[in-house]
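Notes follow once the structure below has been shown.
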Amino acid sequence: MTKTEKYVPLDFHALDEGEMQRRADAFFDVMRTRRTVRDFSDRVVPRSIIETCVATAGRAPSGANQQPWTFVCISSPEIKKQIRLAAEEEERAFYGGRAGEEWLDALSHLGTNANKPFLEHAPWLIAIFGQRWGKQPDGSRKKHYYVPESVNIATGFLIAALHQAGLATLTHTPAPMNFLGEICERPENEKPYILLVVGYPEDGAKVPNITKKPLGKITSWL
Ligand code: IYR
């Protein structure tokens, strides 16, 4: 029997600085065009592309390498419809008063409202769950560490992978989101974090005329 080694050699290939800069610039040029999209076409996206992008998300670092995430990938029209109905009910309460004036004011430039047709039109919804705890071999609870950080880093990987693959996304967070666990039939240890809408933008889709902060506004160098 071969013994599993505790440590293995790192697969790392250093690049020269010119190549590093070229790659950093090339990736920035890809990511700078990412925009949150709210008008989705119903054009089909092959499952294999979603699979590969979720596999990329699964390479994210996580607390104690516990990988405390589940990506529920939904293309079923019936389930998308259930999600739309439940999300719109929450959003009606949100826009109808629960959000409060300050929050609605902060959102007003995005032009959002309680109607979420994209939850049915887009070919894929990816409901991202964090596993608040895991299971020991004997079935008892196993504590998980840094679950929100881990899930959110993996979600960032996923959004980048989908964008790089030529797909549009919307990071949707209806609140509260408990209906997602019920519709997706997730176990009680899983908490919904984000509902990612994935597909192609509708022809002629428009996005809010907003900008990102320049580097000088998001950094401090010591
Ligand atoms: N979840 C609502 C409201 C909303 C909240 C924030 I913060 C946004 O950046 C965008 C929307 C909705 O999806 O309409």
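In this text the structure is predicted, and so the values were computed from the model without any measurement. In listed order, ligands and their atoms are each counted from 1.
With respect to the salt-bridge test (charged N to carboxylate O, under 4.0 angstrom), the residues K80 and E120 do not qualify. By the 4.0 Å N-to-carboxylate-O rule, R132 lies too far from E188 to be salt-bridged with it. Ion pairing between E19 and R22 holds under the 4.0 Å rule for side-chain N and carboxylate O.
Listed by atom number, the atoms of ligand 1 under 4.0 Å from Y95 heavy atoms are 2 (C), 3 (C), 12 (C), 14 (O). In summary, the atoms of ligand 1 found under 4.0 Å from a heavy atom of F94, numbered by their order in the structure, are 3 (C). The atoms of ligand 1 that sit less than 4.0 Å from any heavy atom of K116 are 12 (C), 13 (O), 14 (O).
The protein heavy atom nearest to atom 13 (O) of ligand 1 is H172 CE1, 3.1 Å. For atom 5 (C) of ligand 1, the nearest protein heavy atom (residue, atom name, distance) is L107 CD2, 3.5 Å.
Here's the thing with E91: one of its N/O atoms is less than 3.5 angstrom from an N/O atom of ligand 1. The shortest N or O to N or O distance between W103 and ligand 1 is not below 3.5 Å.
By the 6.0 Å and 45° rule, K116 does not stack over the aromatic ring of F118.
Looking at T33 and H163, their side chains come closer than 4.5 Å, going by heavy atoms from C-beta outward.
One side chain, Y95 or T112, offers a donor N or O that lies under 3.5 Å from an acceptor on the other.
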